[in-house]
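Structure, as structure tokens:
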Number of protein chains: 2
Amino acid sequence: MARLAGVSRATVSYVLNNTSAVRISEPTRRRVHEAAKELGYVPHAAARSLRAGHSRMVLMPAPSFPVGPLYSQFLGDLQMALGRLDYTVVQHGSVGLHGDEAARAWAELRPVAVLMPGSGLCPKGVTVLKRSGARAVVTLGPEAVEGAHALLMDHEAVGYSAGAHLHERGRRRIGVVVPEEDGLESFSAPRLEGVRRALHGTDATVTALPLAYEEKSAAGLAARWRALGLDAVFAYNDEYAMLLMRALQDEGLRVPTDTAVIGADDLMLGRLLRPRLSTVHIELPSGRELAELVDRAVRNPGAAPETHKVLGASVVHRESS
Amino acid sequence: MARLAGVSRATVSYVLNNTSAVRISEPTRRRVHEAAKELGYVPHAAARSLRAGHSRMVLMPAPSFPVGPLYSQFLGDLQMALGRLDYTVVQHGSVGLHGDEAARAWAELRPVAVLMPGSGLCPKGVTVLKRSGARAVVTLGPEAVEGAHALLMDHEAVGYSAGAHLHERGRRRIGVVVPEEDGLESFSAPRLEGVRRALHGTDATVTALPLAYEEKSAAGLAARWRALGLDAVFAYNDEYAMLLMRALQDEGLRVPTDTAVIGADDLMLGRLLRPRLSTVHIELPSGRELAELVDRAVRNPGAAPETHKVLGASVVHRESS
DNA sequence: TTGAAAGCGCTACCAC
DNA sequence: GTGGTAGCGCTTTCAA
């Protein structure tokens, strides 16, 4: 590369990085650029960050379960916003790694920031990451972790909204679907807890209803429905709501007359069901906001960790409740 | 690190990598491991791959639109399988980069392999990646790219199956939904083409039906339905099928009597609709297979690019067609 | 069995 | 303006 352009490696570096502290003559610049194009030269990120002592890589774990349109959108926005701030977002496929195992795997890449959705990060993991040079560690989850910034996605609020809504509508024996699928506990547990909190001190009862995302499981639950004596159900989200509502209807139960149903996530599909599905609309933080938090934290790593509540939950009342 | 253990950096490297060519005494090993734990030592991936001249990183672009459960599952399997083979899967969030722009951004990370779903890779991009040390470039998309391995996901087959099925069932005026959302053309175009191919040489007609994923758009299309004079529709996938089917039913049209509807992807939701939605079940390659292809290509980079057809499409006939 | 040292590609400092 | 060069953290060869 330097040879082809007939200049030194240093000059190449200056030209390609537009180093402002050094002025390079136009002809030389051109020669360098031409040589770079001709050779298909691509800088070596590893060497660069080794030398610089830091990178502009923001690392997140790749989600290990299907994510809905809500989260996809959020992720897209976030990548876009961080991209504008000149960070590179990288999702690390760390299947099967947990706790500080995972943290170490991520630390090997020496990211400048780590974004951790869910609740898979322990304080030890944060320490590992920080010690390895991460200037910002941000969790997006149910609770804050010592030493890390936290965007509290308080799924209790989702359950609370649903519970309060059902109670307002006069329901008193309330079921709450708890998915049996792995990886969903960190959402389903707080949602259940939120319903409990909403109904605490009232005469209403709350019943947890384990349900797998399969017709058979739903049919089984529906068959026991009359015996359970429930008059309302918060179905975890719109998809489980559809599954359960269908099973209830097949069982001859009327929605909402016999049983009110409410979902969550405000998916398109809820609007298409009959009766139209009531739901809890969830508002995620904007990607831009989070990107700014990351950038702030990176520029000022000494600052105390910020903790924000960022999950808006509002009931969208339609026909099923 | 080396200082704390009282040994040389080399010894540390031997111990932590279990280098078999060198035998280190037990006491020394212990001392090194203890020091590593105490310091929270994490190796520096960049330095390692810089020295080694290659990495074990398999890079994919992060999907830029919501992906369904099918693809999520596939991705998870793939990460698992590659993890077992000791590769690290990394999804690069390269929003807004195209063609060889994107390829250069990926090449900076010097991945040992690149997996590119969709059709966003040009031959030039392949060259860039290979020149920068990628030993395997694999596309998963509608067509092969010069110089890269290809897993042909022939979405024409999906459309073909749907078209043939509708024709068999006696339908002759067939609509095909084409989503208006960005990023879906690379799937929708071949699916439409497949329907055309299935009906080529018959007396059936094929009509492309642009549709946005919104109730209003569907209602508009449904309002024009009788004028269009169609007796069947392949709705791109199950979600668009649900949207359109609901709009048709609201318009007073009977499914399947007046209009047959078939979707694709075999989602749970199709089974829950009434009438139950016919669909094209799509079989993606197993993650394990793809992982093995990658590994083979990495070990033997000289070999000629392989091209496999890997997308199985089979009609699941339910009640809507 | 262990240590010394070279060098991967890059940038930043200093000398010319 | 440009080139020489040290050194980021690591592995690996060679020597002790």
Side-chain angles (χ1 to χ4, degrees), chain A residues 1-33 35-36 39-57 86 88 104-105 107-112 128 131-135, chain B residues 1-33 35-36 39-57 86 88 104-105 107-112 128 131-135:
Chain A
M1 168 72 205
R3 266 207 323 280
L4 178 64
V7 298
S8 79
R9 291 149 28 94
T11 308
V12 170
S13 177
Y14 293 140
V15 171
L16 297 182
N17 292 305
N18 267 320
T19 310
S20 50
V22 177
R23 305 213 61 77
I24 305 282
S25 67
E26 248 336 293
T28 307
R29 299 183 93 77
R30 234 200 316 281
R31 272 215 313 285
V32 170
H33 278 129
L39 293 179
Y41 171 83
V42 175
H44 195 304
R48 173 177 294 176
S49 70
L50 182 59
R51 169 67 228 224
H54 61 259
S55 70
R56 301 280 295 174
M57 182 191 296
D86 201 35
T88 301
R104 263 200 298 281
E108 291 194 7
L109 297 179
R110 295 296 191 277
V112 69
V128 169
R131 232 190 328 222
S132 73
R135 293 164 66 95
Chain B
M1 166 75 204
R3 266 207 322 280
L4 178 65
V7 299
S8 77
R9 291 144 35 87
T11 309
V12 171
S13 178
Y14 293 141
V15 171
L16 296 182
N17 293 305
N18 267 320
T19 310
S20 50
V22 175
R23 305 212 61 77
I24 305 282
S25 67
E26 247 338 292
T28 307
R29 299 183 92 77
R30 233 198 316 281
R31 273 215 311 286
V32 170
H33 277 129
L39 293 179
Y41 172 83
V42 175
H44 194 305
R48 174 177 299 183
S49 70
L50 182 59
R51 168 66 227 220
H54 58 87
S55 70
R56 301 280 295 173
M57 180 192 297
D86 201 36
T88 300
R104 262 198 300 279
E108 291 193 8
L109 298 178
R110 296 295 190 276
V112 69
V128 169
R131 222 175 353 206
S132 72
R135 293 163 67 95

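Throughout, a chain's letter reflects where its sequence line sits, starting with A, and its residues are numbered from 1.
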The nucleotide from C:dT2, D:dT2, D:dG9 with an atom nearest the side chain of B:Ile24 is C:dT2
Worksheet item: Looking at B:Thr19, does any N or O in its side chain come under 4.0 Å of the phosphate oxygens OP1/OP2 on D:dT12?
Response: no
When rounded to whole Å, the CZ to P distance for the pair A:Arg51 and D:dG9 reads 11 Å
When rounded to whole Å, the CZ to C1' distance for the pair B:Arg48 and C:dG9 reads 18 Å
Review point. Using a cut-off of less than 4.0 Å, is there contact between a side-chain N or O of B:Ser25 and OP1 or OP2 of C:dT1?
Key: no
A:Arg31 CZ to D:dG1 P, in whole Å, measures 14 Å
Problem - Under-4.0 Å side-chain N/O to phosphate OP1/OP2 contact, A:Thr11 with D:dG3 - result: yes
A:Leu109 atom CG is separated from D:dC8 atom P, nearest whole Å, by 21 Å
When rounded to whole Å, the CG to P distance for the pair B:Leu16 and D:dT11 reads 8 Å
Closest non-hydrogen atoms of A:Ala107 and A:Val128, given as atom of the first, atom of the second and distance, are CB-CG1, 4.1 Å
Atom NE2 of A:His44 and atom C1' of D:dC8 are separated, to the nearest Å, by 13 Å
- Message: Heavy atoms only, 4.0 Å cut-off, all strands: where does B:Ser49 land among base, sugar-phosphate and nothing?
- Response: nothing
- Task: Have a look at B:Ala10 and say if it touches a base, only the backbone sugar-phosphate, or nothing, with a 4.0 Å heavy-atom cut-off.
- Result: base
To the nearest 0.5 Å, atom CZ of A:Arg51 lies from atom CG of B:Leu50 at 12.5 Å
- prompt: Does A:Arg110 offer a backbone N or O that forms a donor-acceptor pair with the side chain of A:Ser55 under 3.5 Å?
  reply: yes
Per atom distances to the B:Val7 side chain, the nearest of C:dT2, C:dC8, C:dG3 is C:dG3
One should read off an interatomic distance between A:Arg9 CZ and A:Thr11 OG1, to the nearest 0.5 angstrom, of 11.0 Å
Rounded to whole Å, the OH-P distance (A:Tyr14 to C:dA12) equals 8 Å
Interatomic distance, CG@B:Leu16 vs CZ@B:Arg29, rounded to 0.5 Å, equals 9.5 Å
Whole-Å distance, A:Arg9 CZ to C:dT11 P, equals 10 Å
